[in-house]
There are 2 protein chains.
Amino acid sequence: MSSDSATSPSPKSALFAQFAEIAKALGHAHRLTILELLAQRERSVEDLATAARLSFANASQHLRLMRQAGLLLSRRDGKQILYRLSDPAVLDLVAALHRVGERNVAEVREIVGGYFRGRDALEAVSHAELARRMRDGLVTVLDVRPEDEFDDGHLPQAINMPLRKLETKLRDLPKDREIVAYCRGAYCVFSFEAVALLRQHGFNARRLEDGFPEWKAAGLPFV
Amino acid sequence: MSSDSATSPSPKSALFAQFAEIAKALGHAHRLTILELLAQRERSVEDLATAARLSFANASQHLRLMRQAGLLLSRRDGKQILYRLSDPAVLDLVAALHRVGERNVAEVREIVGGYFRGRDALEAVSHAELARRMRDGLVTVLDVRPEDEFDDGHLPQAINMPLRKLETKLRDLPKDREIVAYCRGAYCVFSFEAVALLRQHGFNARRLEDGFPEWKAAGLPFV
DNA sequence: ATAACATTCAATCATTTTATTGAACATCTT
DNA sequence: AAGATGTTCAATAAAATGATTGAATGTTAT
């Protein structure tokens, strides 16, 4: 029996309470959505609210909470308040969360295996592999995020075709080179949909395993 | 404006809801305490409840919640139910949580800088460094966790002296070799207290940066 | 100054969590 | 079979969280 186990008094409990606040701040689907959006780039409250389909005040509330927990920082730019991730470590934290889910939660495995993997018979490309193939000039890189996110930063030489416009622009893509489509992150549906559509039309397409934030975080070059 | 940002329907929201459940399961100081205990080894409900100073039913409730979230697994052994971490990825997740806190939460920096760092003027030893110094036979390794945790697994050649017994056993330790004390993890107070005590008595003592679970997770040998 | 705008704050209500209690269940011992 | 033990379950009360509303704040444009 480790009777003296919890004998340690305040400092550790205080720490753990703080860590718990951080975890709580991650503990809501809307907040995870907001984090994914902010992983792409700094955004205003209004912007985030509409993108995440939340009311203004509600988005503001979630943002404040995450800022207090240390996940976000904000700055004022004119009338707007712009939020951003406080630290790349936040991306790691979210990634760790994803990994635990994928490995240990049946529901997650089902969704990932069923919906995501089902649409994507071929293996996805890791960012390291994509970087190599880009150096060798072997691939066309397709960014299927919304235009504004593309404008704010994207992979070198990537072509931006938001999913909705993709079908009308297919003629601009090469049939003889492999196309790698990427998006916001591992669970962003855009790139899955894009690859499915491209394959239907006879293109040789694959998906980047993760997304733009991870590419950036890995220290790979971007524009 | 990325008006089509949240157009993606169910699968992603369902995923994020699942991930949020995992984060929620981390979002309570008591649960983080339980996780730290379980990082050492498998434990029964009763054991955990007393170690974490919780009522039986309350501990059971927290455990069930974490199991449902995928953080823990349980098995029956006779009358007892033994819980354990479901996956080393859970350790990574907790570590990522700590890192975000240390880097971005003022309160955490204060506690760590004030209490923990204050007691430990010298730099802590990383597990990689300790492994090297152990190979070279340069250090005495001191495990200051409770006896039962030591019995269930510890660093090779480590001597177990739970904090309460340390003062009475000082004569058994060498004054001419460096002593490295370790404990449950980075925020386990035992090793800080131990090093402080040892230094007071003229020993050359340092702390292992993290703890036994991290040593194990790094693939280093243990008994 | 005044108006318009972006965001936060405060108050509210519905919902979810937490801790406690005591009963119920499964397993072992006798 | 009966009792003891370890754990879970169900019910409850107190506390925290989430979403909505409308007012308040700080900024820019007129």
Side-chain angles (χ1 to χ4, degrees), chain A residues 1-3 6 13 16-35 37-38 42-69 71-84 148, chain B residues 1-3 6 13 16-35 37-38 42-69 71-84 148:
Chain A
M1 282 291 144
S2 45
S3 51
S13 331
F16 279 21
Q18 290 293 335
F19 293 142
E21 288 305 311
I22 303 173
K24 270 189 216 170
L26 287 177
H28 194 292
H30 290 168
R31 292 199 285 267
L32 292 176
T33 304
I34 292 176
L35 283 178
L37 291 166
L38 289 176
E42 200 178 38
R43 294 182 88 136
S44 73
V45 178
E46 176 178 36
D47 199 4
L48 288 166
T50 56
R53 303 192 175 288
L54 298 174
S55 82
F56 237 56
N58 193 201
S60 171
Q61 211 175 213
H62 285 305
L63 288 164
R64 181 179 49 77
L65 198 151
M66 288 195 280
R67 188 183 47 202
Q68 281 172 357
L71 297 175
L72 304 182
L73 294 172
S74 63
R75 68 184 179 94
R76 181 178 276 279
D77 175 31
K79 294 189 226 184
Q80 304 195 112
I81 305 263
L82 300 178
Y83 278 88
R84 64 184 184 282
D148 59 332
Chain B
M1 282 293 142
S2 46
S3 50
S13 330
F16 279 20
Q18 291 294 334
F19 293 142
E21 288 305 311
I22 302 173
K24 268 190 219 171
L26 287 176
H28 195 291
H30 289 167
R31 291 198 285 268
L32 292 176
T33 303
I34 291 176
L35 282 179
L37 292 166
L38 288 176
E42 198 178 41
R43 294 182 88 135
S44 73
V45 178
E46 177 177 34
D47 198 5
L48 288 166
T50 56
R53 303 190 174 288
L54 298 174
S55 82
F56 239 58
N58 193 200
S60 171
Q61 214 175 213
H62 285 304
L63 289 165
R64 181 177 49 77
L65 199 152
M66 290 196 278
R67 188 184 47 201
Q68 280 171 0
L71 297 175
L72 305 182
L73 294 173
S74 63
R75 69 182 178 93
R76 181 178 276 279
D77 176 32
K79 294 189 224 183
Q80 304 195 114
I81 305 263
L82 300 178
Y83 279 87
R84 63 184 185 282
D148 59 331

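We name chains A, B, ... by the order of the sequence lines, and we start the count at 1 in each one.
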Atom pair distance, as rounded to whole Å: CG in L63(A) and C1' in dA6(C):
13 Å

When you check the phosphate oxygens OP1 and OP2 of dA19(D), does a side-chain N or O of S55(A) lie under 4.0 Å from one of them?
no

Any H28(B) side-chain N or O less than 4.0 Å from OP1/OP2 of dA16(D)
no

Under-4.0 Å side-chain N/O to phosphate OP1/OP2 contact, R31(B) with dT18(C)
yes

Under 4.0 angstrom, heavy atoms only, what part of the nucleic acid is L54(B) near: base, sugar-phosphate, or nothing?
nothing

Show your working on side-chain contact (heavy atoms from CB on, under 4.5 Å) between E46(A) and F56(A) and close with a plain yes or no.
CA-CA 6 Å; E46(A) 176 178 36; F56(A) 237 56; 3.6 Å; yes

Side-chain N or O of Y83(A) closer than 4.0 Å to phosphate OP1/OP2 of dT8(C):
yes

H30(B) vs H62(B) aromatic rings, parallel, tilted or perpendicular, using cut-offs 30° and 60°?
perpendicular

When rounded to whole Å, the NE2 to C1' distance for the pair H62(B) and dT18(C) reads 7 Å

What closest approach, in Å, do R67(B) and L72(B) show between heavy atoms, and which atom pair accounts for it?
CG-O, 3.4 Å

Inter-residue atom distance R75(A).CZ - R84(A).CZ, 0.5 Å rounding
7.0 Å

Could you check I81(A) against Q61(A) and say which one's nearest nucleotide on DNA chain C is further toward the 5' end?
I81(A)

Check whether any side-chain nitrogen or oxygen of K24(A) sits under 4.0 Å from OP1 or OP2 of dT17(D), and answer yes or no.
yes

Does a side-chain N or O from S60(B) land closer than 4.0 Å to OP1 or OP2 of dT7(D), or not?
no

Measure CG/L72(A) against P/dT7(C) and give the value in whole Å, please.
14 Å

